[in-house]
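To start, the structure itself, in structure tokens.
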Amino acid sequence: MVPELPEVETIRRQLAPLLVGRSVREAWGHPSPKFAAASEIVGSSVTGVDRRGKYLLVNLEDGRQLVLHLGMTGRVAIVPLSSPIDEDPYVRAWWAFEDGEVLVFNDVRRFGRLAVVRSGEYQGIPTLAAMGPEPLSPGFDGRILWEFSRRSSQRIKTQLLSQRPVAGVGNIYADEALFRAGVNPAVRRLSRARAELLADAIKDVLAAAVERGGTTLRDYRSLEGIGGNQFHLQCYGRGGLPCLRCGVILRSRVIDGRTTTSCPSCQS
DNA sequence: CGCAGCGCCTGAAGGC
DNA sequence: TGCCTTCAGGCGCTGC
């Protein structure tokens with residue numbers, strides 16, 4: 001639904017070859033402080049596109065980065081300059097390149113945002129500055145989750161969504177990983193053994209979703225269309241339906257403001 | 001410093 | 001059919 005790590009990574013892979021080497025000739029940002037910085041990179045050229053958690057990092061030749069967060073409903077697209085960009089009321093920013101194509105950032109609900117920073121200087125973007133390790137990197141393992149949970153008073157699901165123990169996990173993949181690891185989303189501490197199970201589940205769930213091009217539910221679209229992971233969800237969105245492992249009816253409830261689905265038996 | 005609470009947004013879906 | 005309410009939710013900000 002919402003772009004989480006697999007969806008942002010899918011977009012990054014599609015966007016990178018389309019942007020690298022191009023120079024911004026003209027740009028516009030919605031006057032809201034969330035988007036207004038778009039025009040600061042006129043004259044800069046793109047050297048690469050990276051990702052940290054759910055943030056897209058567009059590297060510029062002048063040592064700065066355009067940081068994009070898609071929020072819930074954000075989308076990016078590359079379109080010809082001749083397209084009717086102004087007719088879409090939800091375009092929040094665009095960047096026109098020398099060669100006549102335009103990167104468009106569309107976001108109906110304006111939960112997304114963008115920033116232009118000196119490369120790696122994220123003090124103005126608190127979640128990015130405090131971001132935990134990339135889950136598909138060697139720097140992430142069960143010990144990280146175990147130690148974080150020892151120091152935290154929050155429920156494990158809320159810890160994951162904070163982006164601090166691990167990067168890029170949102171509501172869909174938190175529910176999926178907790179289900180597959182057999183961990184109750186409401187617990188506040190993890191045993192070392194359960195932390196290992198949860199770390200492995202996070203890696204498995206995210207890696208599989210990246211391979212499938214992300215999960216397409218309501219809002220997410222990659223540049224090239226839709227992902228395929230929605231057909232492989234075992235827990236998210238299945239409240240009231242039988243657990244695929246044990247048959248007990250899955251329970252949906254709100255934990256710290258987030259709809260959460262879990263198995264009362266497998267995740268006890 | 002950690003964390004709870006709140007506000008931001010608007011289309012979709014559900015109730016009557 | 002149409003109006004009203006509720007829901008979706010990532011993250012920044014504020015204040016304890």
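A, B, ... follow the sequence lines: proteins, then strands. Residue 1 opens every chain.
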Single-linkage hydrophobic cluster [X]~[Y], side-chain heavy atoms < 4.5 angstrom:
{"X": "A:Tyr122", "Y": "A:Leu56", "answer": "no"}
{"X": "A:Val187", "Y": "A:Leu178", "answer": "yes"}
{"X": "A:Leu233", "Y": "A:Leu198", "answer": "yes"}

(message) Can you pull out every salt bridge (charged side-chain N to carboxylate O under 4.0 Å, His left out) where at least one residue sits in residues 116-133 of chain A? Sequence neighbours excluded, please.
(response)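 Sorted pair list: A:Arg118-A:Glu121.
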(message) Any carboxylate oxygen within less than 4.0 angstrom of a Lys/Arg side-chain nitrogen, looking at A:Asp62 and A:Arg64?
(response)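 A:Arg64 and A:Asp62: salt-bridged.
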(request) Calculate the interatomic distance between A:Leu160 atom CG and C:dG9 atom P; express it in whole Å. (result)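 To the nearest whole Å, that distance equals 15 Å.
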(request) Mind calculating the distance between CZ (A:Arg164) and P (C:dG10) to the nearest angstrom? (result)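 In whole Å, C:dG10 P lies 15 Å from A:Arg164 CZ.
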Pairing residues for [X] by the side-chain contact (heavy atoms from CB on, under 4.5 Å) criterion, not counting sequence neighbours:
{"X": "A:Ser153", "value": "none"}
{"X": "A:Glu134", "value": "A:Leu5, A:Arg51, A:Arg52, A:Ser137, A:Ala167"}
{"X": "A:Asp256", "value": "A:Arg155, A:Thr158"}

(request) Ignoring backbone atoms, establish whether A:Tyr236 has a side-chain N or O less than 4.0 Å from OP1 or OP2 of C:dG9. (result)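 For C:dG9, OP1/OP2 do have a side-chain N/O of A:Tyr236 under 4.0 Å.
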(message) Would you say A:Asn59 and A:Gln65 are linked by a side-chain donor-acceptor pair, where the criterion is simply a distance under 3.5 Å?
(response)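 Yes, A:Asn59 and A:Gln65 have a side-chain donor paired with an acceptor closer than 3.5 Å.
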Under 3.5 Å, which donor-acceptor pairs link side chains of residues 168-177 of chain A to any protein atom two or more places apart or in another chain?
{"unit_1": "A:Asn171", "atom_1": "OD1", "unit_2": "A:Lys157", "atom_2": "NZ", "d": "2.5"}
{"unit_1": "A:Asn171", "atom_1": "ND2", "unit_2": "A:Thr259", "atom_2": "O", "d": "3.0"}
{"unit_1": "A:Tyr173", "atom_1": "OH", "unit_2": "A:Glu7", "atom_2": "OE2", "d": "2.5"}
{"unit_1": "A:Tyr173", "atom_1": "OH", "unit_2": "A:Thr215", "atom_2": "OG1", "d": "2.6"}
{"unit_1": "A:Asp175", "atom_1": "OD1", "unit_2": "A:Lys157", "atom_2": "NZ", "d": "2.7"}
{"unit_1": "A:Asp175", "atom_1": "OD2", "unit_2": "A:Thr261", "atom_2": "N", "d": "2.9"}
{"unit_1": "A:Glu176", "atom_1": "OE1", "unit_2": "A:Arg180", "atom_2": "NH2", "d": "3.0"}
{"unit_1": "A:Glu176", "atom_1": "OE1", "unit_2": "A:Gln234", "atom_2": "N", "d": "2.8"}
{"unit_1": "A:Glu176", "atom_1": "OE2", "unit_2": "A:Gln234", "atom_2": "N", "d": "3.3"}
{"unit_1": "A:Glu176", "atom_1": "OE2", "unit_2": "A:Cys235", "atom_2": "N", "d": "2.7"}
{"unit_1": "A:Glu176", "atom_1": "OE2", "unit_2": "A:Tyr236", "atom_2": "N", "d": "2.7"}

Under 3.5 Å, which donor-acceptor pairs link side chains of residues 239-251 of chain A to any protein atom two or more places apart or in another chain?
none

(request) Quantify the bending of the helix from B:dG2-C:dC16 to B:dC16-C:dG2 as the angle between its end axes, each fitted on five pairs, to 10°. (result)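 Taking five pairs per end, the axes differ by 40°.
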Atom pairs and distances, side-chain donor-acceptor, residues 28-41 of chain A, under 3.5 Å, sequence neighbours left out:
{"unit_1": "A:His30", "atom_1": "ND1", "unit_2": "A:Ser32", "atom_2": "N", "d": "3.0"}
{"unit_1": "A:Ser32", "atom_1": "OG", "unit_2": "A:Lys34", "atom_2": "N", "d": "3.0"}
{"unit_1": "A:Lys34", "atom_1": "NZ", "unit_2": "A:Arg110", "atom_2": "O", "d": "2.6"}

(message) Strictly by side chain to side chain donor-acceptor pair (under 3.5 Å), give each pair with a member in residues 80-91 of chain A just once, sequence neighbours left out.
(response)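 Qualifying pairs, neighbours excluded: A:Asp88-A:Asn106.
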(message) Distance under 4.0 Å to a non-hydrogen atom of chain A counts as contact; along DNA chain B, which nucleotides mark the start and end?
(response)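 Extent of the interface on DNA chain B: B:dC3 to B:dG11.
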(message) Below 4.0 angstrom, which residues in residues 143-154 of chain A have at least one non-hydrogen atom near DNA chain C?
(response)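 Those residues whose heavy atoms fall under 4.0 Å from DNA chain C, taken from residues 143-154 of chain A, amount to none.
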(request) Assign A:Thr259 to base, sugar-phosphate, or nothing according to its heavy-atom contacts below 4.0 angstrom with the strands shown. (result)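 Sugar-phosphate contact only.
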(request) Report, as a single string ordered 5' to 3', how protein heavy atoms within less than 4.0 Å touch nucleotides 11-16 of chain C: B base, S sugar-phosphate only, - not at all. (result) BS----
